[in-house]
Amino acid sequence: MTVLRIVRIWKIGTDRPSYFNHEALAMYNGAEKTSYLVTRRGVLSGGAAMITAGAALSHETTVHAAAPIAAKQAPGFYRYKVGDFEVTVITDGALAFPVENFVSNATTEQVKAALAAAHRATDALSVPFSPIVVNTGSKLILIDTGLGDAAFERSKGTVGQFATNLKAAGLERSNIDAVVISHFHIDHVDGLVAADGKPAFPHAEIFVPAAEWKFWMDDGEMSRAPKGRIEGLFKNSRRVFGALGGKITPYEEDKEVLAGLTAIATPGHSVGHASFVLSSGASSVFIQGDVAHIPVLFVANPGWHASIDQDPVMAEATRRKVYDMLVAEKMLVQGFHYPFPALAHVEKTASGYREVLMPWNPNI
Ligand SMILES: [Zn+2]
């Protein structure tokens with residue numbers, strides 16, 4: 001039906017040649033107005049001839065495509081430079097979430113309208129996950145892990161793709177020297193544990209925000225936690241870091257975690273949530289973690305609160321402060337839940353901000 005409608009609209013256009021600015025088109029074509037019209041008629045009749053030929057071909061029963069339908073995406077990794085550093089963004093896949101109740105202070109209709117305005121599906125919210133590997137020339141640093149091997153099994157490969165996509169990028173988990181965690185939500189830490197329950201990054205030092213560690217590993221806090229998701233996060237933190245034998249290095253904010261990687265306190269989404277500035281020479285990028293979750297919702301509407309924000313009021317204050325800084329500094333942001341490869345500039349709008357995604361660059 002849609003194709004027929006498009007053909008009809010196109011025909012209406014072609015029936016009204018006065019719709020076109022012939023003088024301008026003729027100038028563009030380097031031809032006279034009349035010869036353009038003749039040529040155009042020629043093209044149209046040629047098109048009709050092609051359609052006839054196509055119709056004849058479709059009766060052939062032996063015509064097949066040269067390859068089966070792939071039904072599978074290409075391995076997802078993307079590289080860019082920050083000074084002397086090379087960043088590889090690795091997709092861990094994407095999960096569909098119910099739209100209902102994802103934003104605690106907007107109605108489902110408002111959220112669906114925001115998705116529709118951005119030409120996104122409105123029946124479910126697609127949430128992508130994009131950890132990054134930084135090659136400093138002397139170290140391979142992973143920032144956040146994705147959902148891990150167990151999620152890959154459970155989701156039949158929808159998420160937990162990090163390990164296979166890392167391999168496709170020519171790297172192995174055993175190559176990673178350091179893993180730096182932004183916060184203890186499952187999509188950022190569960191990949192620390194391999195399918196066999198052992199550490200997924202056997203040669204890596206694991207860096208965690210000191211404030212996050214202090215909160216989630218505190219038995220008193222756990223005893224006071226509301227049942228459900230928050231209680232689950234306390235238990236999950238014990239499971240994940242227990243599997244590492246407690247071998248972690250807490251880091252303080254507003255200091256370098258590793259050379260070129262400075263942690264910034266960005267609390268709200270979780271108590272000890274941290275972001276990072278990665279810099280080399282004159283170049284830098286802000287690695288935000290979950291300061292803003294899905295950008296078409298929370299960058300466009302910084303006052304909207306994600307229901308997964310632990311302290312939504314603090315999260316909003318952090319988000320506005322960070323995004324004002326990104327705009328003022330014209331600074332690139334790497335967003336864990338941005339559309340892959342999750343790298344963007346941001347601009348201010350009347351009601352919030354807008355992400356301008358960096359185009360895929362086939363060269364580095
Ligand atoms: Zn997240």
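All of these numbers come straight from a predicted model, not from anything done at the bench. Just so you know, ligand 1 is whichever comes first in the structure, and atom 1 is the first atom listed for that ligand.
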A.B. asks: Using the ring centroid of each side chain, check whether His337 and His188 are separated by less than 6.0 Å.
C.D. replies: yes
A.B. asks: Restricting to distances shorter than 2.8 Å, give the number of protein N, O or S atoms close to the Zn ion (ligand 1).
C.D. replies: 4
A.B. asks: So, for Trp213 and Phe241, is the gap between ring centers shorter than 6.0 Å?
C.D. replies: yes
A.B. asks: We want to know whether Asp324 and Tyr353 form a side-chain donor-acceptor pair, criterion being a heavy-atom distance below 3.5 angstrom.
C.D. replies: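 Short answer, yes.
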A.B. asks: If you measure from the Lys or Arg side-chain nitrogens to the Asp or Glu carboxylate oxygens, is any gap between Arg354 and Glu347 under 4.0 Å?
C.D. replies: yes
A.B. asks: Report the residue from Arg173, Arg154, Lys198 that forms a salt bridge (Lys or Arg N to Asp or Glu O under 4.0 Å) with Asp149.
C.D. replies: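 Only one of Arg173, Arg154, Lys198 forms a salt bridge (Lys or Arg N to Asp or Glu O under 4.0 Å) with Asp149, namely Arg173.
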A.B. asks: Can you confirm whether or not the ring centre of Phe298 sits under 6.0 Å from the ring centre of His305?
C.D. replies: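 Judged by ring-centre distance (under 6.0 Å), Phe298 and His305 do not meet the cut-off.
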